[in-house]
Protein chains: 2
Amino acid sequence: MRPYSQIIEQLRAAGLRPTRQRLALAKLLFENAPRHVTAEVLHVEAQAASMPVSLATVYNTLHQFTEAGLLKEIVIDPQRSHFDTTISDHGHFYFEETGHLQDIPSGEATLTQMPVLPEGTKVKSVDVVVRVFNN
Amino acid sequence: MRPYSQIIEQLRAAGLRPTRQRLALAKLLFENAPRHVTAEVLHVEAQAASMPVSLATVYNTLHQFTEAGLLKEIVIDPQRSHFDTTISDHGHFYFEETGHLQDIPSGEATLTQMPVLPEGTKVKSVDVVVRVFNN
DNA sequence: GTGTTTGCAAAGTGTTTGCAATTTA
DNA sequence: TAAATTGCAAACACTTTGCAAACAC
């Protein structure tokens, strides 16, 4: 769990004012970190916690936090976007039946080698997804 | 390039009649394999090749081909679905700026080990995406 | 006070669906 | 002829946007 003051600091550093809405969402995200959320889930949680934030603001905030380096967007589901409080490169298990997402412990999903990159490109991230189903 | 008769065979095996539309799309897909397409791109190509197919049918067909094991769906872009004519597990380079997709040569993107799976689950696929940008 | 942020509702994008007309076997 | 397939338009789910009101500094 990340110290709260650090969040405010990072928001400021990114030029984001620590508004009531952003702090509410940061609280939900980082006091329960590490975790994965969709916009909808976070929106519902905010209502439930009596810290209502409009869905549009949830979307905006998730993207702003991602830009600020507080979150990482995980592309795993063609239907909806997922965001992860753990920003370092790491793999995920994805339960297709439930839409649930789980981190793969660090070191358990690394490549044997970095592939030869196409001419003139640099790596932004290496994403590993192990899709699993219950049996 | 996959022999054409084999496609018809696989369609029949999957219970799919080899209609004009499916054959047109199969031609575009497999005569230029290996390749990656989105529904929109394939739709435009069909028009251009004077083999018009409605967009709804393109979507249906891509999914039917995927179910039949002729294509693999690649989740890489929150905006749109991509399909790949290469169905074996293999990694991809994704050019975020252009939305372009490129296979990583087989063997260059394997994991050092298969991570310990969550209790009671089996692997459906292991997807590796290296997101790159031009520098 | 000034510029930023929010919330709403409307618009947008990619995708799916209902159904009559058409095609395949 | 019976069952599958197509194409259209409408419906859908998720996300983004325009803009006036509210807020942060």
In terms of hydrophobic clusters joined by side-chain contacts under 4.5 Å, are A:Tyr94 and A:Val41 together? no
State whether B:Ser54 places a side-chain N or O below 4.0 Å from either non-bridging phosphate oxygen (OP1 or OP2) of D:dT6. no
Between atom CG in A:Leu11 and atom P in D:dA24, what is the gap in whole Å? 14 Å
Under 3.5 Å, is there a donor on one side chain and an acceptor on the other for B:Gln47 and B:His43? yes
Can you check whether A:Val129 reaches A:Ile74 side chain to side chain, under 4.5 Å on heavy atoms? no
Please assess B:Leu29 against B:Phe65 for the test side chain to side chain contact (heavy atoms under 4.5 Å, CB included), listing each intermediate value before the final yes or no. CA-CA 11 Å; B:Leu29 287 167; B:Phe65 281 15; 3.9 Å; yes
Under 4.0 Å between a side-chain nitrogen and a carboxylate oxygen: does that hold for B:Arg131 and A:Asp89? no
B:Val44 and B:Tyr59: same hydrophobic cluster, using ILVMFWY side-chain contacts below 4.5 Å? no
To the nearest Å, give me how far apart CG (B:Asp77) and P (D:dC14) are. 17 Å
For DNA chain D, just give me the dot-bracket, please: Watson-Crick or G-U, both distances below 3.5 Å, ( ) intra-strand, [ ] crossing earlier pairs, | paired with another strand, . unpaired. |||||||||||||||||||||||||
Residue pair B:Asp127, B:His92: steps toward the side-chain hydrogen bond (donor to acceptor under 3.5 Å, both in side chains) verdict: CA-CA 8 Å; B:Asp127 302 341; B:His92 291 97; over 6 Å; no
Does the protein touch nucleotides 14-25 of chain C at the base, only the backbone, or not at all? Give it as B, S and - per nucleotide, heavy atoms under 4.0 Å. SSBB------BS
A:Leu62 CG to D:dT15 P, in whole Å, measures 9 Å
Can you confirm whether B:His90 sits close enough to B:Ser106 that some side-chain heavy atom of one is under 4.5 Å from a side-chain heavy atom of the other? no
